[in-house]
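Beneath this line is the structure, given in structure tokens, with notes to follow.
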Amino acid sequence: MNEITNASAEMAFFQVLMRCGSLSAAARELGLTTPAVSRRLAMLEARLGVQMLNRTTRRISLTPEGEEYVIQARRILADIQDMEHSLSRSLSEPRGQIRVNATLGFGRSHVAPVISEFCAAYPSVQVQLHLSVSPPPLSEDAYDVCIRFGEPPDSRVIARKVAQNQRLLCASPAYLAQHGTPRAPAELARHNCISIHHGDEAYGLWRLTSGRRTEAVKVTGSMSTNDGDIAVAWALDGHGILMRAQWDIEKYLHSGRLCQVLENYATPPADIYAVYPQRHQKVRRVTAFVDYLSTSFDTTVRSRTARG
């Protein structure tokens, strides 16, 4: 039993070390001296028989063995925490840490405010929010909940739809006054279209559906980006036609700064999903957060419907 306790303590120690990024910063958080932290790390490496970190005077970096240890330790510690919570009698009170990932623009505008309200409602839960341009691979197990557009194909995870969302075509009144308003999808080829791309995959092919007919239009333009907020700003400045999720442009449509284009044509849906590992389906802090997110987004959708 002592060996198990010591192993989990070493994993937690190593997690702190990696989060802090240096021996001195870890020493301050743990209330130890830097030499004491260095000795504890050396003892861990000696017991495992591998070098876990590359050390310089200012920073540390993981060796391949250390990286594998971090991945496994994170999973083991999460399992221990989940087991303790499942056995606890205080399951009605969510507690513990949740690691959440979302895309930059949507996370900043919509997820972060919900987290603020959630943490006020559940003070025993600590939330770490990480925003990224592209969603991380689900296999990395780096996050407890990922907020994604569209249902992932991976059946090994739980994907719960927390809000309906659709992509819309839009442009500024100034752009449409100067270049005209397209009346059919084929006319988009003659317009300057703003593309949003992620990684190596550019969104240069727009699919529009009317009834049973779907048209794929190859669009071009002088401006493209991997940041949705920048693309919206360019559209507001009158640079071209943009395809963007309703949640990101609705306020500009209501104010008249953007106008919807080809509104009788449907574009691929961008429903919002909370994705999390199957092993978290009974973890109270995770389910409470996803429930709260769904309720909050549902309120937003109903307010949108009432305004419309």
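Looking only at distances, no side-chain donor or acceptor of Gln128 sits under 3.5 Å from a matching main-chain atom of Gln126. Put simply, the side chain of Thr295 gets close to the backbone of Asp291: a donor and an acceptor are under 3.5 Å apart. Using a distance-only test at 3.5 Å, with no hydrogens or angles considered, no donor-acceptor pair links the side chain of Ser294 to the main chain of Val290. Asn192 places no side-chain N or O within 3.5 Å of a backbone atom of Gly240 that could act as its donor or acceptor partner. When atom types are taken as modelled, the side chain of Ser296 and the backbone of Leu293 share no donor-acceptor pair closer than 3.5 angstrom. Here the side chain of Thr103 pairs no donor or acceptor atom with the backbone of Gly105 at under 3.5 angstrom. His110 places a side-chain N or O within 3.5 Å of a backbone atom of Trp247 that can act as its donor or acceptor partner.
Nearest approach of Leu262 to Arg183, heavy atoms of both residues: CD2-C, 3.4 Å. Taking each heavy atom of Ala235 and Ile194 in turn, the nearest pair found is N-CD1, 3.6 Å. The shortest heavy-atom contact between Pro268 and Arg167 is O-NH1, 3.1 Å. Minimum heavy-atom separation, Tyr292 to Glu117: OH-CB, 3.3 Å. Here the closest heavy-atom approach between residue Pro173 and residue Gly256 is recorded as CG-O, 3.3 Å. Nearest heavy atom pair, residue Arg244 against residue Asp229, reads NH2-N, 4.3 Å.
Side-chain contact check for Ile196 versus Leu242: some heavy-atom pair is nearer than 4.5 Å. Contact of the Phe289 side chain with the Val145 side chain is registered, since non-hydrogen atoms from C-beta on lie closer than 4.5 Å. For the pair Phe106 and Ile272, the minimum side-chain heavy-atom distance is below 4.5 Å. Here the side chains of Ile241 and Pro182 are in contact, with some heavy-atom distance below 4.5 Å. Residues Pro269 and Gln166 form no side-chain contact, since every pair of their non-hydrogen atoms from C-beta on lies 4.5 Å or further apart. At a threshold of 4.5 Å between non-hydrogen side-chain atoms, the residues Leu253 and Leu168 count as touching. Side chains of Asn54 and Thr63 form a contact here, defined as non-hydrogen atoms less than 4.5 Å apart. Using a 4.5 Å heavy-atom cutoff, the side chains of Phe14 and Leu53 are in contact.
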Step-by-step side chain to side chain contact (heavy atoms under 4.5 Å, CB included) determination, Met52 to Glu67
CA-CA 8 Å; Met52 308 283 281; Glu67 186 172 355; over 6 Å; no

Stepwise, does the salt bridge (Lys or Arg N to Asp or Glu O under 4.0 Å) test hold for Asp271 with Arg148?
CA-CA 8 Å; Asp271 292 334; Arg148 294 195 168 190; over 6 Å; no

Could you give me the CA-CA distance, side-chain angles and deciding distance for Leu188 and Leu169, then say whether side chain to side chain contact (heavy atoms under 4.5 Å, CB included) is met?
CA-CA 10 Å; Leu188 290 171; Leu169 296 180; 4.1 Å; yes

May I have the step-by-step check of side chain to side chain contact (heavy atoms under 4.5 Å, CB included) for Phe118 and Val127, ending in yes or no?
CA-CA 9 Å; Phe118 176 79; Val127 180; 4.2 Å; yes

Evaluate salt bridge (Lys or Arg N to Asp or Glu O under 4.0 Å) for Glu10 paired with Arg40, printing each intermediate quantity in order.
CA-CA 9 Å; Glu10 287 178 341; Arg40 186 169 177 180; over 6 Å; no

Show the numbers, then the answer: is there a side chain to side chain contact (heavy atoms under 4.5 Å, CB included) between Leu62 and Met18?
CA-CA 8 Å; Leu62 286 167; Met18 293 314 304; 3.5 Å; yes

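How far CD1 of Ile115 is from CD1 of Ile98: 8.5 Å, rounded to the nearest 0.5 Å. In this structure, the separation between OG on Ser172 and CG on Leu258 is 7.0 Å, given to the nearest 0.5 Å. Interatomic distance, OH of Tyr273 versus CD1 of Ile158, reported as 14.0 Å (0.5 Å rounding). In this structure, CZ on Arg75 lies 5.0 Å from CD on Gln72, to the nearest 0.5 angstrom. Note that SG of Cys193 is 9.0 Å distant from CE of Met243, once rounded to the nearest 0.5 Å. With values rounded to the nearest 0.5 angstrom, Ser255 atom OG is found 8.0 Å from Leu236 atom CG.
Of the listed residues (Arg285, Gln97, His280), just one forms a side-chain hydrogen bond (donor to acceptor under 3.5 Å, both in side chains) with Asp144, and that residue is His280. When each of Glu45, Arg39, Met43 is paired with Leu41, the side chain to side chain contact (heavy atoms under 4.5 Å, CB included) condition holds for Glu45 and for no other.
With hydrogens and angles left out, the side-chain atoms of Tyr175 and His239 include no donor and acceptor closer than 3.5 Å. When only modelled atom types and interatomic distance are considered, Thr209 and Thr214 share a side-chain donor-acceptor pair under 3.5 Å. Between the side chains of Asn101 and Ser132, a donor-acceptor pair is found at a separation under 3.5 Å.
By the neighbour-count criterion of 12 heavy atoms within 6.0 Å, atom CZ of Arg207 is sparsely surrounded, having that number or fewer from other residues, nucleotides or ligands.
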